[in-house]
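Side chains included, hydrogens not; waters and symmetry mates left out as well; all remaining heavy atoms used.
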Amino acid sequence: MFFILAPLQIIRHLRPSARIQYLTVLSGSQMAGLGLAAPLGHLLAKYTGSLATIYAVLAIACVIAAACVDLTRHATSRLSALAMPDIAITLAATTTLLQKCTALPIAMIAISGCVFAGLSTYQSAYSASRHLNSDLFFLFFTATSVILRFSVAHLMGSLPLRRLALTLILLTAASLVLFLFNDGSTSLYIAASVLFAAGYGLSYSTLNTIAVNLAGEHGVSVPTTSQIFTLAYFLGLFGFPMVGGQLVRGFGPDVMLLSLLSATALNAVLATRLGQSTSDPSHFRKELTHADRGATIEME
C-alpha cells in the first residue's frame, strides 16, 4: 500500500515537468531497499545465527519509515498542493483509463515487472548454469540502479520521454542478449548486470511520469492512473515467477531468458506507439492541464 500511495504525494505537489526527477529519486530509494535487503539479511543471519534478528531489524525500519511519513505530513501541511479528494480505484475509472493512451505505459510497466522478476528470481539458477556467483548480479545491479537514479534524476526532466523510454528498453534487451550468450565470463556477467540496471533501472520512473502526464492531458484521473500503474508493476513482479519457474524447471534458464527477451521486444513495439505529446517535455512547462493548475510548487 505504501508503494501505491507514496507517488501520489509527488504528483500532488509537483507540476508535470518536475515529476520525473522526484519519481526517479523515489524509485532509487525503493530499489536501494529492495536490492540491499537480501544481502544485509544474509549478513545478519550469518553473524547472529538467528532469523528473528532480521525481522526485528525490519520492524525497526518500519517504525523509522512511519516517523518519516509523519514528519512529511507536518512539513507539507503548510504547502499549497493539488487537491486529490478521490483516490479510490473503481471499475469505471479503471476501464476509462485503460481505454485511453495511458494503457500503453501501464502495460509496459507490467511487462517490465515480469522481466525484472524473471531475471532476479532465477538468477541463482542462471549463474549456476554458467558457474558464476549470483551475488555479483545483485551487487552491481543494485549499486548501478541506485547511483544512476540519484545522479541523473535532475537531468531527466529535459529529455524527450518517449525516446528515453525506447532507449531504456533497448538497453534492457541488449543486457538480456549478453546474459543469454555468456558462457561463463565474469566480466561479461558484470557488464550485463550493469547494462540491465541502466536500462530497467530508469524505466520505472520514466513510464510512471508518462502515464500520469498522459492521464492529465486526456482528462483521466491522475491518482487512479498512478495506483493502477503501481498495481500493474506488482502484478508482473509477483505474477511472472510462477511462469518463469515452469520454464526453468521444464526447459532451463536459457528458454526463460528468451521469453524475457521476447517480452522486452514487445515493450519496444509498445514504446514506438506512445503518444507524441510525451516526446516534448517543454509541452508540460508551457501548458498545464486543468487538474494541475492547483499545483503551485515546481521543485526543479
Side chain of Ser175, backbone of Thr172: donor and acceptor closer than 3.5 Å? yes

Please walk me through it: do Leu44 and Leu51 pass side chain to side chain contact (heavy atoms under 4.5 Å, CB included)? CA-CA 8 Å; Leu44 284 172; Leu51 291 176; over 6 Å; no

How far apart are the C-alpha atoms of Ser185 and Ser187, what are their side-chain angles, what is the distance that settles it, and do they pass the side chain to side chain donor-acceptor pair (under 3.5 Å) test? CA-CA 6 Å; Ser185 169; Ser187 58; 3.1 Å; yes

Please check: side-chain N/O of Tyr122 versus main-chain N/O of Pro241, any donor-acceptor pairing under 3.5 Å? yes

Leu237 reachable from Ile109 in the ILVMFWY side-chain graph, under 4.5 Å edges: yes

Verify the ring-centre separation between Phe140 and Phe196: is it less than 6.0 angstrom? no

Assigning hydrophobic clusters by single linkage (Ile, Leu, Val, Met, Phe, Trp, Tyr; side-chain heavy-atom cutoff under 4.5 Å), is Ile147 placed with Leu168? no

Heavy atoms, side chains only, cut-off 4.5 Å: are Thr142 and Val146 in contact? yes

Rounded to the nearest 0.5 Å, how far apart are CG of Asp254 and OG of Ser129? 6.0 Å

At their closest point, which heavy atom of Thr102 faces which heavy atom of Ala211, and how far apart are they? CG2-O, 3.5 Å

Mutual orientation of the aromatic rings belonging to Phe116 and Tyr200 [parallel < 30°, tilted 30-60°, perpendicular > 60°]: parallel

Verdict with supporting geometry, Asn208 and Val212, side chain to side chain contact (heavy atoms under 4.5 Å, CB included): CA-CA 6 Å; Asn208 197 358; Val212 297; 4.0 Å; yes

Are the side chains of Asp183 and Arg130 in touch, meaning some heavy atoms are under 4.5 Å apart? no

Looking at side-chain heavy atoms only, is the closest gap between Ser120 and Phe141 below 4.5 Å? no

Would Leu266 and Leu119 show up in the same hydrophobic cluster when neighbours are defined by side-chain heavy atoms closer than 4.5 Å? yes

Can you label the angle between the Phe179 ring and the Tyr126 ring as parallel, tilted or perpendicular, going by 30° and 60°? perpendicular

For a 4.5 angstrom cut-off between non-hydrogen side-chain atoms, does Tyr189 reach Ser134? yes

Joint hydrophobic cluster, Ile169 plus Val269, side-chain heavy atoms closer than 4.5 Å: no

Flag yes if Val177 and Leu257 sit in one hydrophobic cluster, no otherwise; membership is Ile, Leu, Val, Met, Phe, Trp, Tyr, and two members link when side-chain heavy atoms are under 4.5 Å apart. yes

Is there side-chain contact between Thr144 and Ser193, with at least one heavy-atom pair below 4.5 Å? no

Applying side-chain contact (heavy atoms from CB on, under 4.5 Å) between Met256 and each of Leu261, Thr121, Val248, report the one that passes. Val248

So, the side chain of Thr230 versus the backbone of Ser226: is there a donor-acceptor pair under 3.5 Å, distance only? yes

Please answer whether the main-chain N or O of Met108 pairs with a side-chain N or O of Asn267 as donor and acceptor at a distance below 3.5 Å. yes

Give, for atom CG of Leu170 and atom OG1 of Thr264, the distance between the pair rounded to the nearest 0.5 Å. 10.0 Å

With Leu258 as reference, evaluate Leu176, Leu180, Leu247 under the side-chain contact (heavy atoms from CB on, under 4.5 Å) test and give the passing residue. Leu180

